[in-house]
Amino acid sequence: MEELAQVVVDVPTMQTNQPYTYAIPAEFRERLTPGMRVVVPFGKGSRVIQGFVVGFINQSDYEGELKAITSIVDLYPVLNDELLDLSAWLAQLSFAFRISVLQTMLPNVMRAKYTKYVRVIDEIDEDVLFSIFHGQDEIEFDEAQMEPATVSKLLDLRKHNQVEVSYQVGNRARVKTTLGIQPLLEFEAYEEERAGLTKTAAKQSTLISYLQTLKPTDVIAKKTVSEVTGLSDAIITTGEKKGWLAKVPMETYRDPMKDYDIQATTPLELQATQAEALAAINAADGTAKTFLLEGVTGSGKTEVYLQAIANVLAEGKTALMLVPEISLTPQMMRRVRGRFGAAVAVLHSGLSDGERFDEWRRIERGEARVVVGARSAVFAPLENIGLIIMDEEHETTYKQDENPRYHARDVAAWRSAYHNAPLVLGSATPSLESRARAEKGVYELLLMPNRINNHPMPTVQVVDMRQEIINGPESNFSTDLLAAIQDRISKGEQSVLMLNRRGFSSFVMCRDCGFVLECPNCDIGLTLHMDTKSMKCHYCGHEEAIPHQCPNCQSNAIRYYGTGTQKVEQELQELIPGAKIVRMDADTTRKKGAHDKMLTAFGNHEYDILLGTQMIAKGLDFPDVTLVGVLNADTSLGLPDFHAAERTFQLLTQVSGRAGRADKLGEVFVQTFNPEHYAIKLAQMHDYERFFRTEMQMRHAAKYPPYYFTIKIQASHAEEREAALKMSQVGRWLKNQLGTDAIMLGPTPRSIARINNRYYYQIVLKYRQPEELDAALSELLERAQSEAKHGLQLSIDREPLSFM
DNA sequence: AGCACGCCGACT
DNA sequence: GTCGGCGTGCTC
């Protein structure tokens with residue numbers, strides 16, 4: 001009886017979304033284990049592709065002849081049993097292909113790169129040999145790069161068996177090496193060498209002494225040797241020539257924090273509520289219990305996390321700490337690194353592919369035992385996890401909005417159950433789902449209602465912008481806010497101003513005829529970008545010149561409308577001429593490190609005012625900021641989405657937390673056209689509990705989560721008719737599958753119906769029995785497969801965060 | 001995804 | 001008659 005490998009192949013389609021059985025050549029049998037990547041022949045031409053071994057079986061019921069694995073890519077499995085199991089579960093949960101999930105779990109560089117080659121195997125025309133092959137017998141076959149005529153000539157040659165096409169699976173993962181040196185002689189042998197030196201050869205003697213301190217197996221980086229001994233490269237090279245040492249390549253890690261100045265930190269003393277929370281978490285050690293740590297901004301959640309991590313590390317376990325991308329600031333990383341040193345690995349989007357790969361390897365080898373990272377870090381290959389923390393658990397960035405559409409919270413819960421490790425969800429403004437679960441006793445609620453040292457919460461003023469408009473000229477700044485900013489400048493204190501830009505942008509509109517400049521591909525207004533002096537589409541990247549004349553009525557009264565950070569900065573500069581303003585938005589922070597630089601400069605009082613978008617709302621901590629202004633609280637309130645109130649409340653609460661964290665009292669101004677809205681009023685009163693109850697009633701009445709599950713089904717096609725037609729078919733079919741308590745909304749065209757010349761239609765389902773629906777939805781995806789050939793794309797999004 | 005098989009229109 | 005269009009189905 002022969003063992004066979006089950007391989008998930010790198011072909012992301014519905015029909016290939018299953019393991020294929022391959023024979024294992026005898027020479028691989030000892031080495032191959034599940035979780036390794038392999039190269040296998042697949043399909044008619046037996047082109048080679050990458051696959052993941054997910055298991056072994058003894059017998060296959062496949063009728064045809066089994067092919068054999070071509071080669072093994074990895075020396076050690078890149079995915080352990082846990083992650084393999086997780087991938088199967090997650091693929092099903094998120095309606096994604098298993099291969100997509102497996103790829104998502106690994107650093108980018110481990111994704112296979114395929115190259116196609118054509119090789120001459122018969123006599124061919126000399127002209128062709130020169131013009132296409134440049135005299136070589138094999139060239140890369142890149143159809144996208146080649147002339148169409150060349151491609152068809154090559155296909156023709158292949159048909160006549162004059163050339164053959166082959167495929168190669170490339171591995172982009174590169175291990176970085178530096179030069180190291182290794183001693184080659186024994187202590188006595190070195191003494192003899194020393195005796196043979198002339199009296200003037202002091203440096204060589206130093207080198208010998210150094211080499212004598214090493215063990216024969218030691219490999220020391222050449223750089224280190226130079227630093228320790230003060231010897232130059234020339235001497236080391238002499239040592240090599242004389243046979244004292246060997247230069248060997250040493251594997252090194254690209255350290256994303258190498259430029260950081262890390263100061264060791266020690267545990268801080270805890271307040272009573274912090275100590276209670278920590279005790280509860282520590283007591284849950286070894287059980288898959290979920291906590292909701294609801295602590296106001298400034299209550300010291302991070303310190304609780306760090307001490308809880310220290311506790312599991314002391315038991316020889318590992319810890320995973322998830323934070324939103326935006327909180328992965330250098331300050332935060334310094335704090336964690338300062339506490340746990342080299343045991344910490346960080347994973348975030350700012351890393352280069354190489355750095356990410358190296359951090360991943362440090363985790364995989366067990367060298368890093370604490371992982372801090374954004375969403376995808378939830379797949380970190382840690383063994384023996386003792387604790388999982390998810391900070392700011394309500395953050396929307398934990399949900400991936402492309403395939404596989406998973407929520408990191410679900411993955412964290414799965415891993416918590418697998419490892420019998422507690423999961424701590426932390427937030428000042430928990431998501432309704434989580435808070436509701438705590439209410440039902442599914443999660444244990446830990447409350448930290450007080451700020452450290454009982455700093456009072458800042459006072460929040462709600463400014464009614466409707467009155468402002470009546471009383472004066474249109475402006476982004478109310479009289480009160482402006483006065484407050486000026487007051488701070490005169491006192492040498494700092495202000496943070498936030499422009500809420502969710503679903504909002506500045507666009508060009510004709511004052512005479514109302515014409516709005518739109519993207520030719522996407523049906524949405526183009527956004528004005530002053531830095532490039534152009535109009536850009538936020539969806540497809542289309543760019544064109546700023547119009548000076550209305551294309552519709554030729555009027556010159558075409559100008560921009562709405563508010564961008566640049567425009568606000570300009571206005572503020574005019575209103576307060578001497579103010580030093582630093583603007584932080586997606587444009588100014590695009591460059592690597594720009595973010596950190598600006599914040600550091602602001603922290604050093606180089607500026608009076610920090611003006612920015614949502615990104616400034618999270619986790620920044622400046623002691624001299626005593627004023628926070630939210631310029632337009634409404635833009636997130638007006639979204640056509642049931643999350644609107646929740647998002648607004650979260651944002652206002654979070655940004656309020658930026659004011660007055662030290663001994664100085666903070667003040668917050670919220671400008672709004674909806675001063676009576678409960679999300680704004682309750683944020684003003686720092687009353688999460690009442691917001692939770694109010695919002696729960698709204699959700700209950702409207703049959704939305706957490707009372708109902710939601711699913712968004714989206715279809716897109718280049719032809720609007722096709723997309724609409726298909727979706728109504730889907731709608732009719734689904735109706736028959738749904739139980740009586742399920743509600744179907746749509747199909748409707750998406751609010752931005754056309755993106756990149758594709759038309760989008762969607763159906764939203766609200767339902768209570770997930771089991772029944774899941775089967776129907778899986779079937780739907782399978783049925784949609786045949787339509788995919790006709791240009792129809794269908795996607796299913798469980799618990800979508802946007803319904804737009 | 002990529003390849004082969006297969007069944008209908010315009011040509012060496 | 002056949003060469004080749006791309007619609008359909010399969011890949012261990």
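Within every chain, numbering begins at 1; the chains are lettered A, B, ... in the order of the sequence lines, protein sequences first and strands thereafter.
At a cut-off of 3.5 Å, with distance as the only test, a side-chain donor of S431(A) or E393(A) sits close to an acceptor on the other residue. Side-chain polar atoms of Y418(A) and D85(A) form no donor-acceptor pair below 3.5 angstrom. Donor-acceptor pairing under 3.5 Å is lacking for the side chains of T177(A) and E251(A).
To the nearest angstrom, P of dC12(C) lies 14 Å from CD of E63(A). Distance F97(A) CZ to dA1(B) C1': 11 Å, rounded to the nearest Å. One atom, CG of D10(A), and another, P of dG2(B), lie 11 Å apart when rounded to the nearest Å.
By the ring pair (Phe, Tyr, Trp, His ring centres under 6.0 Å) test, F379(A) is found to be paired with Y406(A), residues two or more places apart in sequence or in another chain being considered.
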Strictly under 3.5 Å: I want the nitrogen or oxygen pairs between protein and nucleotides 4-11 of chain C, one per line.
{"unit_1": "dT11(C)", "atom_1": "O3'", "unit_2": "G43(A)", "atom_2": "N", "d": "3.3"}

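Among pairs with a residue in residues 35-52 of chain A, those fulfilling side-chain hydrogen bond (donor to acceptor under 3.5 Å, both in side chains) read R37(A)-D74(A), S46(A)-K67(A), at least two apart in sequence or across chains.
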